[in-house]
Amino acid sequence: MKIHEYQAKQLLKQYGVVVPAGQVASNPDEVREVAKTLGKRVVIKGQVHSGGRGKAGAVKLADDANAAEAIGKDLLGKTLFFAQAGVDIKINRLLVEEAVDIDKEIYLAITQDRVRQRDVLILSMQGGMDIEEVAHNNPADIAKLFIDPLLGLQDFACRQVLFDAGMDKPLIGKMVPVLKALYAAYLGTDATLAEINPLVVTKSGEIIAGDAKWDIDENALFRHPEFTAFKDESETDPLEAEAHRRGIQYVRLEGGDIGIIGNGAGLVMTTMDEVKRAGGQPADFLDIGGGAKAEAVTNSLEIILMDPNVKGVVFNIFGGITRGDEVAKGIIEGVKTLNVKVPIVIRLAGTRAAEGAELLKTTNLIPAETMQEAAEKIVELAYAK
Amino acid sequence: MSILVDKNTKVIVQGITGREGEFHAAQMIAYGTKVVAGVTPGKGGMTVQGVPVFDTVRQAKDATGADATCIFVPARGAADGILEAVDAGINFIVCITEGIPIEDEIRAVNVVKFSNSRLLGPNCPGILTVNGCKIGIIPANIFIPGPVGIVSRSGTLTYESVDALTRAGLGQTTCVGVGGDPMPGTRFIDVLPLFEADPETKVIVMCGEVGGSDEEIAAEYIKTMTKPVIGFIAGLTAPPGKRMGHAGAIISGTSGSPQAKVDALRAAGVLVAETTADIPGLVKQALEKL
């Protein structure tokens, strides 16, 4: 779960990382008030779940409260294109903060490393830039520390990675507690990404989190009822949001028109690939999961059909725990209640597939023997007109 | 012969009193697996599917001499279940549970690394050795004995491939589902050497998917193998940045792209199937060359 910069900064503050004075605002009056209270030059930043906000035009400087209010009027409610997320996002909130005197900008993040199966702390003196770019152009400028989960983050390891990154010696002592605070915050909030870019060293030698990007592990939300308030689905695709509410694993795919439903992530992905091979464009990834009941199948079909671009739907079910007859019942119920106007091809295999096929015989739904045949049939029927 | 488990493996089921635990314990027993004990804290003394239930893994192990366990414990307690099994000295731990918090998983996986135990999963369908032992949820009726070893990150995709092989008359030795999480206890690189050393396995089918770099790492090892490997990669049409169901199936930045995996496997001499329907043909081709 992505959270906003202002929320992440609240978390950082709780764990002892210094953040600029400031407050979030959702109307121009509030922007003005915050700027007035701060009484100095402010930075105004659109709160959206995307990086590259500066380039998108969502970050502005204001010298006084009047200028701040004007920027608030301009940015709030405005939809901008964020290249990093690849989508248009409407700005609903602004973070108004004191502008800090930047001496140095550092990149600091903690995330997981899948190969080493540990958390990795990433540090670079090339802060303020896109880290993927730095990694690509100057990999030597990035220092990494793989944290032993059983030992935790020790001082010596912090010093090591700081020296590796080429940190100025007088700053090392000040930086160690910042690294440890970030790791504590990362663990304490069950983050999957905790990134401060830039971590600013001010001209007076203070270390301040200039920005914060934070992802929280959805599997760990049961430990954090307090994060319910951080959930903001305003940027989520409305169909995806609806599917989540119904507990369905659904990903909408840009520009597609063949609806795809299957059981098991690998099989659903493979079905997408087969539809593409057959000349179709998959409209979604939808996994009904293991042991799905008829109702979940009906629900899934409904979600797919809510997408107006969908010209046909293919079911690919290989039953292990999932039962073919249960799936067939769900499809039949869906067809009865949903006013289906597009062709539906169904491939059932595995547990109780024969019983499922028997049920489907009484309908005008199109059966297929194999996944490949199902893909070819749906592409042919969907694009027939 | 087989890898990792055989008909003598004595299995505990952690979470045997739950709906999934009990159902699959019965399925395992029906396949001939020696399920010797169940564990559910507070329910020691019960009997489920004819299997005695204990309060702790240690008690179950002491009473039965079990050497493997299958974990069906819900996500918030599953990592604790893994640690309990390690502590009790269980050699082979299979964790079916999906949705374990990633930090819990990292801790468990690292504890296992410094122990004498091996972990399969989490978020995996388990393992099945034909005519010997099944630990987990893989449907047994699609298997026949034969020379093919299978290792896969995805459950149903594995069933699809096994079914295709069986229909073509190509039987199997052992099928290992390593699971769809980003930090699995056992990866392709851990399973391939076992198949390489197993005299009954003549050819290996490896089903990967987008996300991570386990396929690329495996490709390096495959270059040194004597046995042929048939590969398949799911998710060629998966867009970057979107998690495709499995927590581990996500292309992030330049990492995890399907084409890079296909290229790495081909460079290692793997016959990569374009579609699952091509897998049996490629297996046959590889067997004929032996």
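Just so we're on the same page: letters track the sequence lines, and every chain starts at 1.
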Worksheet entry | Intermediate values then yes/no, side chain to side chain donor-acceptor pair (under 3.5 Å), T276(B) and E274(A) | CA-CA 9 Å; T276(B) 52; E274(A) 288 293 346; 4.7 Å; no
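- The most heavy-atom pairs under 4.5 Å with chain B, out of P149(A), G86(A), G264(A), G320(A), come from P149(A).
- Heavy-atom distances place both the backbone and the side chain of D273(A) under 4.5 Å from chain B.
- When the side chain to side chain contact (heavy atoms under 4.5 Å, CB included) test is applied to V379(A), the partners found at least two apart in sequence or on another chain are V275(A), A278(A), Y383(A).
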Show which side-chain atoms of residues 238-247 of chain B pair as donor or acceptor with protein atoms under 3.5 Å away, not counting sequence neighbours.
from	atom 1	to	atom 2	distance (Å)
K242(B)	NZ	E240(A)	OE2	3.2
R243(B)	NE	G245(B)	O	3.3
R243(B)	NH2	G245(B)	O	3.1
H246(B)	ND1	E209(B)	OE1	3.4
H246(B)	ND1	E209(B)	OE2	2.7

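- When each of Q249(A), M371(A), Q372(A) is checked for heavy-atom pairs under 4.5 Å with chain B, Q372(A) comes out on top.
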Discussion item. Could you go through T270(A) and E160(B), starting from their C-alpha distance and side-chain angles, then the distance that decides it, and tell me whether this counts as side chain to side chain donor-acceptor pair (under 3.5 Å)?
Written reply: CA-CA 10 Å; T270(A) 306; E160(B) 178 83 41; over 6 Å; no
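- Using a 4.5 Å heavy-atom cutoff, the side chains of E105(B) and Q112(A) are not in contact.
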Item to complete: For the pair R114(A) and D181(B), evaluate salt bridge (Lys or Arg N to Asp or Glu O under 4.0 Å) and give the outcome as yes or no after the intermediate values.
Response: CA-CA 10 Å; R114(A) 291 174 66 157; D181(B) 270 9; over 6 Å; no
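- Top candidate by heavy-atom pairs under 4.5 Å with chain B, chosen from T351(A), D287(A), D119(A), L286(A), is D119(A).
- Listed options I142(B), I217(B), I138(B), D104(B) were ranked by heavy-atom pairs under 4.5 angstrom with chain A; first place goes to D104(B).
- By the 4.0 Å N-to-carboxylate-O rule, D148(A) lies too far from R107(B) to be salt-bridged with it.
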